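Right, one structure below, let's go through it.
In this text, all values refer to a predicted model and were calculated from it rather than measured experimentally. Basis for what follows: all heavy atoms, side chains included, without hydrogens, waters or symmetry-related copies. In what follows, chains carry the letters A, B, and so on, assigned in the order in which the sequence lines appear, proteins first and then strands, with residues in each chain numbered from 1.
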Amino acid sequence: MGEKPKLAASDLQIERRPQPRLLRILTVITALGFAGSLYLGLAAAGTDILQGEIQRIFYIHMPSFFGAFTAFGLTLVGGLIYLARRREKWDRIALAGVEVGLAFSLINLLTGSIWARPIWNTWWTWDPRLTSAAIMCLTYAAYLMLRAGIDDLDRRRAFMSVYGILAFVTVLITLFIIRIVPETIHPVIVGASPQNAQGGFEATSGVVMALIPSLLLWLIFMPLTLMWHRVRLENRIEALNRLKTQALSE
Amino acid sequence: MKITITLAAFILALLAIGAVNAQDGDQNGVAYFRSRAFNVPILAGWEDQSTETVAQFYLAEAGATIRTAIVPQDDILAAAGADLRAAFGVDFGGPGYQDKVNLADGTWTVLIYEPDARISASVMARHVENETVVISFVESDPAGRILMLAVARSDESEADASGEIDAATGRLLDPAVEFFRQASLALPSGEWMVLSAERYTAMGMVFGNDSFLALAESAAEQLPALADAYNRTLLGFFITPDNSTYLALGLAAAFIILGTLVGSLFWRERALRKDLALLQVLAGEDG
């Protein structure tokens, strides 16, 4: 075996490259948009006279699910392209999608539970929509745990790509279950609610006007901005890990 | 880059438009009188005499007023008397009729006051914490006399309110009254049964375990409109729940999770820099 090259000071130049201009712009827009959408939902929109102030949580609860949808969708795309081309960056995108999507779906789940307490008089019920959302969260939490348990990098990337693709089924089930299973108390905003739905409200033009900016923000800007930061971080973490391995092997 | 900026401009424009238009996001398709304490439907075609805290609608051609107020008194009789006195400047004395009825939102006390032939007041009242909500129908039509009340159904197997109408007219109008005509009438509040006698008209509508009744002596033309308006007020009355604590809890949960996500990026960045600095020290020692 040949002698391994020594770790040189120049190898350690994984200094932070300056953020791309587009990322800086995205970050500012996302922060401003988040503040603006909070203002719309919490201050500009009128109070729902039937449900009271708690209805304002809707402007976070529903958009956060769609943010998770985007992030998990990018995990699916990342997994498919990684399996096709075996390029690491797609695996990093898939990982970033899981972390961001999991945070968003936890927000969705928790705000829903808190909304349910005064309206349904319970923190939790094993309703089809709630159950599928909980299973979705657990499935993606398991992604992170499994990923940490596989040491071989190539095997890990391939296995997690397949897992990320299959896990997207739970997202689709959560999205469509209230259209398929009529025995749900979870209302829908677009279209007729199921017969047993409780706690719905009319999507008036004012509600829609307050919702659309929030929805666009959570659907596009928040997942993309957070995922981009996460991918950059992962690039540097992997570079550092390579250096650590190299340093230990000397 | 262009797409991002266009999308961002679109979102910012929506935010600006949304800030103007989101104000009507709570109408639920029905025009409501809203106060801090309660909500009732606004009666179209009635003169709106409401103040900030009291909903009051007046129909001049019937000399009728429908009023909703929350009185800061625990005693229902005292609260109803005080509200009527304050609104109409008349001492209504004690109620000539008093009963209780269980509706979906609680137990209501039904009171009827007839201090003299010129004026009568039909009142529904119930406790709201330490206060009393009073929904009153007051008529001062010299041409007739109109009373409104809700009663528990005497025979729930009956499909209509005829039993309750008979009992109420016998007690409040004329024990000897005999209705000779029966009809049904569809109003926005529901399907009513209308019974007519020579001098009297009575309307009744079954609602769950109760019946709503409207009784008129002589002046019957306005009775359907009045009965419908009072009923819509009774059934449309509700108190917006104060659940702002849950909203604060929900926001806190969302911020904690988002903060944890963003914080973890910073934390991992810091840890990475520390590791890198250590490696640089080790590489320097080796060199």
Counting only heavy atoms from other residues, nucleotides and ligands, does the tally under 6.0 Å from CZ of F38(B) exceed 12? yes

Could you give the distance from OG1 (T240(B)) to CG (D48(A)), rounded to the nearest 0.5 Å? 8.0 Å

Contacting region of Y246(B) [heavy-atom separation from chain A under 4.5 Å]: both

Quick one: what part of L102(A) sits under 4.5 Å from any heavy atom of chain B, side chain, backbone, both or neither? neither

Nearest 0.5 Å, what's the CG-CG distance between L243(A) and L282(B)? 12.0 Å

Y58(B), OH: over 12 other non-hydrogen atoms inside 6.0 angstrom: yes

Indicate yes or no: at least one non-hydrogen side-chain atom of R117(A) is less than 4.5 angstrom from one of L249(B). no

Option in L42(A), V100(A), T30(A), I60(A) with maximal non-hydrogen atom pairs under 4.5 Å from chain B: L42(A)

Is atom CH2 of W267(B) surrounded by more than 12 heavy atoms (other residues, nucleotides or ligands) closer than 6.0 Å? no

I57(A) versus chain B, heavy atoms under 4.5 Å apart: side chain, backbone, both or neither? both

How many angstroms lie between CD1 in I239(B) and CG in L50(A), if you round to the nearest 0.5 Å? 12.5 Å

Where on L251(B) is there a heavy atom nearer than 4.5 Å to chain A: the side chain, the backbone, both, or neither? both

Tell me which of these, L226(A), I54(A), L38(A), has more heavy-atom pairs under 4.5 Å with chain B than the rest. I54(A)

Counting neighbours of CZ on F266(B) that are heavy atoms of other residues, nucleotides or ligands and sit closer than 6.0 Å, is the number greater than 12? no

Given heavy-atom pairs under 4.5 angstrom as the criterion, report whether the side chain, backbone, both or neither of L110(A) touches chain B. side chain

According to salt bridge (charged side-chain N to carboxylate O under 4.0 Å, His left out), does anything in residues 50-67 of chain A pair up with another residue at least two apart or in another chain? List the pairs. E53(A)-R56(A)

In Å and rounded to the nearest 0.5 Å, what is the CG to CG distance from L272(B) to L240(A)? 5.0 Å

Any chance you could lay out the side chain to side chain contact (heavy atoms under 4.5 Å, CB included) test for R268(B) and R230(A), step after step, and finish with the verdict? CA-CA 10 Å; R268(B) 283 184 280 187; R230(A) 180 66 186 91; 3.2 Å; yes

Measure across T111(A) and A254(B) and return the closest heavy-atom pair with its distance rounded to 0.1 Å. CG2-CB, 4.4 Å

Measuring from R232(A):CZ to L265(B):CG, what's the distance to the nearest 0.5 Å? 11.5 Å

Residue part contacting chain B, namely of L224(A), when any heavy atom lies under 4.5 Å: neither

Roughly how far, to the nearest 0.5 Å, is CG of L106(A) from CD1 of I257(B)? 5.0 Å

Chain A contact via L261(B) - which portion, at a heavy-atom distance below 4.5 Å: side chain

Ignoring hydrogens, what is the shortest heavy-atom contact between N243(B) and Q51(A)? Give both atom names and the distance. ND2-O, 2.7 Å

Please determine whether side chain to side chain contact (heavy atoms under 4.5 Å, CB included) holds for the pair L258(B) and M222(A), giving the CA-CA distance in whole Å, both sets of side-chain angles, and the decisive distance to 0.1 Å. CA-CA 10 Å; L258(B) 268 183; M222(A) 287 181 66; 3.9 Å; yes

Tell me the closest heavy-atom pair linking I114(A) and A253(B), and the distance in Å. CD1-CB, 4.1 Å

